[in-house]
Amino acid sequence: MNVEKTPIPGLLVIKPRIFNDPRGFFFESFNHEAFLKVLEEDGQPTVDFVQDNHSCSSKGVLRGLHFQRDPHAQGKLVRVVKGAAWDVAVDIRPGSPTLGQWFGIKLDAQEHTMLWVPPGFAHGFQALEDDTHFLYKTTAYYAPESEGSIAYNDPELGIKWPLQDPLLNQKDLDAPSMRLTHL
Ligand SMILES: Cc1cn([C@H]2C[C@H](O)[C@@H](COP(=O)(O)OP(=O)(O)O[C@H]3O[C@H](C)C(=O)[C@H](O)[C@H]3O)O2)c(=O)[nH]c1=O
C-alpha cells in the first residue's frame with residue numbers, strides 16, 4: 001500500500017497493492033491493522049469504522065457536498081469499484097489553516113485508488129461514467145439530524161467539476177454556500 005499526503009493535512013490518498021495474474025486481480029480493500037498504522041504514521045487519532053455505504057450513479061450525477069456535525073462527524077474511506085468518479089473533500093474544520101480548501105482526485109475501478117477523508121470535511125463526488133459504484137466506510141453512523149450540506153458550486157470554494165450540467169437532487173441544488181452553512 002502506498003500512501004500520499006495531500007496539500008490538506010489529514011487527507012490522504014491510499015493506493016493499495018494490486019496483485020494481477022492471468023485470472024484477474026486481487027487486493028486487500030481494507031486491513032484494519034494496516035490502516036491504523038497509516039493514521040498513526042500521519043499523526044492522526046485511531047478510528048473504528050461502523051458502517052459501509054454503497055451508491056450507484058449515472059454519468060454526470062453529483063452527490064454532495066455533505067457532512068455530519070459533531071458528535072456524528074464521519075471519517076470516510078472512499079473508493080470506486082465500478083466506473084469512475086471525481087471525488088472532492090473540503091476542509092471545514094474550525095480553525096484549520098486550510099479551512100475552505102478543497103482537494104479533488106479521480107477514483108476509478110482501474111487504479112483502485114482510495115481517499116481517506118477524516119472527520120471535519122464536506123465530501124462529494126461526480127460520476128464520470130454510467131453505472132459508477134461508489135463504496136465507502138464511515139467512522140460514525142448515519143445521523144440525518146446532524147447532516148449539513150454546502151453548495152457544490154459555491155463560488156468561494158471554486159471547485160472544478162469535470163462534467164458540465166451535473167445532475168443533483170433537490171436537497172443538493174438547494175444547498176447553501178459555505179459562508180451561510182452552520183458548520
Ligand atoms: C448517507 C445515507 C443515506 N441514507 C438514506 C437516506 C436517503 O433516503 C437515501 C439517499 O441518501 P442521500 O440522498 O443523502 O445519499 P447521497 O446523496 O449519496 O449522500 C451521500 O453523499 C456524499 C457523497 C457523502 O459523502 C455522504 O456520505 C452522503 O451524504 O439513503 C441512509 O439510509 N444511510 C446513509 O448513511
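We count ligands from 1, going down the list as the structure has it; atoms in each ligand are counted the same way.
Electrostatic pairing of Glu41 and Lys37 counts as a salt bridge here, judged by a charged N lying under 4.0 Å from a carboxylate O. With salt bridges taken as basic N to acidic carboxylate O contacts below 4.0 Å, none links Arg69 and Glu145. Lys137 has a carboxylate O that lies under 4.0 Å from a charged side-chain N of Asp52, or vice versa, which qualifies the two as a salt bridge.
The single protein non-hydrogen atom nearest to atom 16 (P) of ligand 1 is Arg63 NH1, 3.7 Å, given as residue, atom name and distance. Distance from atom 6 (C) of ligand 1 to its nearest protein heavy atom, with residue and atom name: Tyr142 OH, 3.4 Å. The nearest protein atom to atom 19 (O) of ligand 1, hydrogens excluded, is given as His66 ND1, 3.3 Å; this is a heavy-atom distance. In terms of protein heavy atoms, atom 27 (O) of ligand 1 is closest to Tyr136 OH, 2.9 Å. In terms of protein heavy-atom proximity, atom 14 (O) of ligand 1 is nearest to Lys171 NZ, 3.1 Å.
Within the listing of ligand 1, atoms 34 (C), 35 (O) sit less than 4.0 angstrom from a heavy atom of Gln51. Listed by number with element, the atoms of ligand 1 under 4.0 Å from a non-hydrogen atom of Glu147 are 29 (O).
Within a 4.0 Å radius of atom 8 (O) of ligand 1, the protein has no heavy atom. Inside a 4.0 Å radius of atom 33 (N) of ligand 1 there is at least one protein heavy atom.
Ring geometry, His123 versus Tyr136: the interplanar angle falls from 30° to 60°, so the pair is classed tilted. Classified by interplanar angle (parallel below 30°, tilted 30° to 60°, perpendicular above 60°), the ring pair His54/His133 is perpendicular.
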Verdict with reasoning, Asp87 to Lys106, per salt bridge (Lys or Arg N to Asp or Glu O under 4.0 Å): CA-CA 6 Å; Asp87 196 66; Lys106 182 178 178 182; over 6 Å; no
Full working for side-chain hydrogen bond (donor to acceptor under 3.5 Å, both in side chains) between Asp108 and Gln110: CA-CA 5 Å; Asp108 64 34; Gln110 305 307 317; 5.9 Å; no
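Contacts between Phe125 and ligand 1, counted as non-hydrogen atom pairs separated by less than 4.0 Å, involve the side chain only. When heavy-atom distances to ligand 1 are checked against a 4.0 Å cut-off, Asn169 comes that close only through its side chain, counted from C-beta outward.
Judged by the 6.0 Å distance and 45° axis criteria, Lys76 is not positioned over the aromatic ring of Phe121.
Heavy atoms of Tyr141 stay at 4.0 angstrom or farther from ligand 1.
Within the set Gln68, His123, Lys76, the minimum heavy-atom distance to atom 23 (C) of ligand 1 is found for His123.
For Phe19 and Phe27, the ring centers sit 6.0 Å or farther from each other.
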